[in-house]
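Note that ligands are numbered from 1 as they come in the structure, with each ligand's atoms numbered from 1 the same way.
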Amino acid sequence: MYVGRFAPSPTGPLHFGSLVAALGSWLDARAAHGRWLVRIEDLDAAREQPGAARQILSVLEACGLHWDGEVVFQSRRRELYGAALARLSALRATYPCGCTRKEMADSAPAINGSRVYPGTCRGGLADGRMARAVRVRTVAEPVAFEDRLFGRLAQSVEREVGDFVLWRADALFAYQLAVVVDDAAQGVTDVVRGADLIDSTARQIHLQRLLGLPQPRYLHLPVAASAAGEKLSKQTGARSIDAAQARPAIARALAFLGHPPPAQLVDAAARELLSWGMLNWEIAKIPRERSIAYPAA
Ligand code: GLU
């Protein structure tokens, strides 16, 4: 049975970019007669905007993007992440790291915009060093996977990212660990999300393999970007979706995903647009691009 999910971080209200991810994962799940879950990724309280989770859920509802079961909040699931981290540590797959951000500033730039971790603490903490974070050991051999839109992709996590953080210096479980634990715990079979996360996928598969968890299928969708090529976000001034504007927002998001609604649906309600989208959903129609400028959003 297909199980999909939408996993927003409540760092701001739902905007056009996040609506595209929500709609794409909803359509893919419903077209497969599957379940669709919503998970609020609220581990980083400092980045959370009060009220954002509630706003996101109410806009999803106003759009007719109804979810199955209870909404899951990562902030209430920390024991699960702790147990996974303990398992990885028992496997000797992790090590404490005492490096500061400043010390890594000279390392090679990594695919995710940070720095490739040069492995300084891999062989043990140097004398007098305090453990700040916990990293997972990676391997040079590329992790390959088949993306349903982009085809076969491969990444050497060791070379392109380096041993990455699972427990952060600010005492939080890292996104990469939490997402892998939750996707498996919730029985997610299909991850459909923005292509800004495509370069995280190899890291997540690496963790799934270490933890003996099943690997879901992946479909990455183009992300809406500003004319300057930045992903739309609160920081780039993306406008939030107003619950009263659900219908035009759904129509624009369908068109963005290569499924423009036909002319006879100009007056159709959001619900009818969604039914049409579900019946006409085809991966081959989605533009095969990681990001598309969307100045109107
Ligand atoms: N919470 C992540 C975000 O909002 C998405 C996680 C995922 O879909 O894997 O960017």
Using the salt bridge (charged side-chain N to carboxylate O under 4.0 Å, His left out) rule, take R122 and E158 through it: C-alpha gap first, then chi angles, then the decisive distance, then the call. CA-CA 12 Å; R122 231 186 202 193; E158 186 182 63; 3.0 Å; yes
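- The single protein non-hydrogen atom nearest to atom 5 (C) of ligand 1 is A7 O, 3.3 Å, given as residue, atom name and distance.
- Taking every non-hydrogen atom of V179 and a distance limit under 4.0 Å, the qualifying atoms of ligand 1 come out as 9 (O).
- When each of D199, L149, D196, L221 is checked for a side-chain contact (heavy atoms from CB on, under 4.5 Å) with R290, only D199 meets the rule.
- Nearest to atom 6 (C) of ligand 1 among the protein's heavy atoms is E41 OE1, 3.3 Å.
- Of all protein heavy atoms, the one lying nearest to atom 8 (O) of ligand 1 is R5 NH1, 2.7 Å.
- Under a 4.0 Å criterion applied to the non-hydrogen atoms of S9, ligand 1 contributes the atoms 1 (N), 2 (C), 3 (C), 4 (O).
- At least one cation-pi condition fails for R239 and F16: the charged atom is not both under 6.0 angstrom from the six-membered ring centre and inside a 45 degree cone around its axis.
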Please assess L254 against L273 for the test side chain to side chain contact (heavy atoms under 4.5 Å, CB included), listing each intermediate value before the final yes or no. CA-CA 9 Å; L254 279 166; L273 290 178; 4.1 Å; yes
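- Assignment of Q204 to the shell around ligand 1 is not supported, since no heavy atom sits closer than 4.0 Å.
- Using a 4.0 angstrom heavy-atom cutoff, F6 does not count as in contact with ligand 1.
- Taking the six-membered ring where tryptophan is involved, the planes of F256 and Y294 are perpendicular, since the angle between them exceeds 60° and thus also 30°.
- The nearest protein atom to atom 10 (O) of ligand 1, hydrogens excluded, is given as L197 CD1, 4.1 Å; this is a heavy-atom distance.
- Listed by atom number, the atoms of ligand 1 under 4.0 Å from R193 heavy atoms are 7 (C), 8 (O), 9 (O).
- Checked against a 3.5 angstrom limit, the closest N/O atoms of Y175 and ligand 1 fall inside it.
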Trace of the ring-ring contact (aromatic ring centres under 6.0 Å, His included) decision for F173 with W167: CA-CA 5 Å; F173 291 106; W167 173 255; 4.9 Å; yes
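- Among R39, Q215, Q204, the one residue that satisfies the side-chain hydrogen bond (donor to acceptor under 3.5 Å, both in side chains) test with D183 is R39.
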